[in-house]
Amino acid sequence: MVMQLCLGYMKGEQELAKDLSQEVFMSVWNALDKFKAQSSYKTWIYRIAVNTCLKYIRDKKGKLNITNVEISEEAKDEESNTTLQFDALYRAIGKLSEVDRLIIMMVLDESDYSLISDVMGISEGNLRVKIHRIKKTLKETLENEK
Amino acid sequence: MKNNMDDLKEIWKSGQNNSVDSNIPVDEIISQAGQKKKKALKVQITNLVILVLVLIGLCLFFKYVTPFEQLLSKVGVALMLGSLSVRIILEIYSIILSGKVDVSETALKSNTAAFKYHKFRKFIHGFVTISILVIYSVGFFMLTPEFSLYFNSTVMILIDLSFLVAALIVGLSIRSAIRKEMASLNDILRFNKELLGK
């Protein structure tokens, strides 16, 4: 869950995603005593992961050069159709803004809207509007990739 | 390319199974996270220790190497040591404040707390540090009349010039720190605007 969120956030860059997931685990450890069981572990870890992702971009500003991972024609021949679709999805997610990227990854992870709104701190109504817009953008980006 | 949401979820799930779990050593990441935590703590402590050592060094220097006798010099020493002490206290407060940004809160709440923290950091790096630098410099130049009783004018000019160079370097680092805080503040504002759909 954490690794895939980090990978998607870092547009498929494995090394950066590993670095970011380390930060997330570090934040989890630091926050362990603050867990009050008012929310599920999943919500709690998602909150930490989302906040750490947003913080990571701020802290590493100017030091990060994240580009969407491009796939060579040679690699395309070797890779399975599913992998190619997955890479295309990563690239499309990578084109979204940081906040939208995090929201759509939770949607793809089949988290329900109440959990996502609890993680982001916004109302479910606001979230639904946002998700509708993000899905539309994602769909357009994927169609342009065809 | 499939783009129906259910299909995308399926692709996402298959990607999770194929690439994430098999390729990335999670145990290694957890152990590196522990090392990183120690390293981050070490950096914060090292900065504080350096500041405290400078303060102690200056105290010992003014007490045993150059015990000033004129009132003007004594006031200068007090200004220098006082401003450095204030900087140390604020650095400690800043570390405490950074710990209060709760990453287990909602993104909106955590961002708002981070905004307050970076606003405080900007205030410290900006107004406070510049004021401290000015007070420290005034204090330093208040020492020069008594210094000049023991050193010739060439040495005095060299002392003053080296101080100005050091002040310039500190000034540049203040500027870069303020820019960093400003960039963080702008990012937080952007994230919050996105979250609230403004």
Side-chain angles (χ1 to χ4, degrees), chain A residues 1 3-4 7-8 14 17-18 21-31 34-35 44 47-48 50-52 54-55 57-59 61-62 80 82-90 97-100 102 105 107-110 117-122 126 129-130 135 138-139 142-143 145-146, chain B residues 1-21 23-26 28-38 40 99 101-114 118 179-181 183-188 190-197:
Chain A
M1 175 178 118
M3 262 318 296
Q4 199 176 18
L7 257 176
Q14 294 265 352
K18 266 167 79 174
S21 55
Q22 281 178 17
E23 299 275 339
V24 174
F25 284 122
M26 224 165 82
S27 304
V28 170
W29 282 356
N30 289 337
K34 288 177 187 157
F35 182 71
W44 187 71
R47 278 183 178 181
I48 293 175
V50 163
N51 287 323
T52 310
L54 294 174
K55 186 176 177 289
I57 290 287
R58 290 201 305 269
D59 292 349
K61 192 116 190 168
S80 70
T82 314
T83 313
L84 282 176
Q85 284 177 335
F86 185 64
D87 290 330
L89 181 58
Y90 261 149
S97 72
E98 287 94 343
V99 171
D100 289 355
L102 291 164
M105 283 190 285
V107 173
L108 289 170
D109 218 17
E110 297 191 322
S117 75
D118 197 12
V119 169
M120 304 310 281
I122 54 175
N126 186 357
V129 175
K130 218 172 256 304
K135 279 180 183 173
L138 198 63
K139 194 179 168 186
L142 287 168
E143 273 173 0
E145 283 233 356
K146 275 181 186 173
Chain B
M1 168 59 62
K2 296 171 179 179
N3 52 24
N4 173 286
M5 207 54 203
D6 289 333
D7 293 336
L8 293 182
K9 282 179 185 172
E10 211 176 282
I11 295 168
W12 185 254
K13 215 179 263 176
S14 66
Q16 196 169 28
N17 297 335
N18 294 339
S19 72
V20 178
D21 291 345
N23 292 338
I24 296 159
V26 177
E28 191 191 313
I29 287 173
I30 293 172
S31 111
Q32 283 173 354
Q35 288 169 12
K36 227 173 177 179
K37 187 183 170 184
K38 279 182 197 161
V101 179
D102 188 357
V103 285
S104 63
E105 270 294 351
T106 67
L108 195 63
K109 273 191 189 170
S110 183
N111 257 345
T112 308
H118 285 286
R179 281 185 175 177
K180 205 178 151 205
E181 298 303 337
S184 293
L185 284 169
N186 287 336
D187 274 343
I188 296 168
R190 184 167 57 85
F191 294 152
N192 272 2
K193 271 184 188 169
E194 273 185 43
L195 279 169
L196 297 168

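Below, chains carry the letters A, B, ... as their sequence lines are ordered, and counting in each starts from 1. Every heavy atom of this structure was used, including side-chain atoms; hydrogens, water molecules and symmetry mates were not.
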Quick one: what part of [X] sits under 4.5 Å from any heavy atom of chain B, side chain, backbone, both or neither?
X         : value
Val99(A)  : both
Val107(A) : both
Leu54(A)  : both

Got a second to check how far [X]'s [atom1] is from [Y]'s [atom2], nearest 0.5 Å?
X         : Y         : atom1 : atom2 : answer
Asn126(A) : Leu195(B) : CG    : CG    : 8.5 Å
Ile122(A) : Leu108(B) : CD1   : CG    : 8.0 Å
Lys55(A)  : Phe191(B) : NZ    : CZ    : 12.0 Å
Ile48(A)  : Ser110(B) : CD1   : OG    : 10.0 Å
Gln4(A)   : Lys13(B)  : CD    : NZ    : 11.0 Å

**Message:** Counting heavy-atom pairs closer than 4.5 Å to chain B, which one of Ser97(A), Ala31(A), Gly8(A), Ser117(A) comes out on top?
**Reply:** Ser97(A)
**Asked** For the residue pair Asp118(A) and Thr106(B), what are the closest heavy atoms and their distance?
**Response**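 Closest approach of Asp118(A) to Thr106(B), heavy atoms only: O-CG2, 3.1 Å.
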**Message:** For a 4.5 angstrom cut-off between non-hydrogen side-chain atoms, does Val103(B) reach Arg47(A)?
**Reply:** no
**Arg190(B) vs Glu98(A) side-chain heavy atoms within contact, under 4.5 Å** = yes
**Request:** Show your reasoning for whether salt bridge (Lys or Arg N to Asp or Glu O under 4.0 Å) applies to Lys130(A) and Glu194(B).
**Result:** CA-CA 9 Å; Lys130(A) 218 172 256 304; Glu194(B) 273 185 43; over 6 Å; no
**Request:** Answer yes if the side chains of Trp12(B) and Glu110(A) hold a donor-acceptor pair under 3.5 Å, and no otherwise.
**Result:** no
**Asked** Looking only at atom types and distance, does a side-chain atom of Asn51(A) sit under 3.5 Å from a main-chain N or O of Glu105(B), one as donor and one as acceptor?
**Response**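 Yes; at least one donor-acceptor contact below 3.5 Å.
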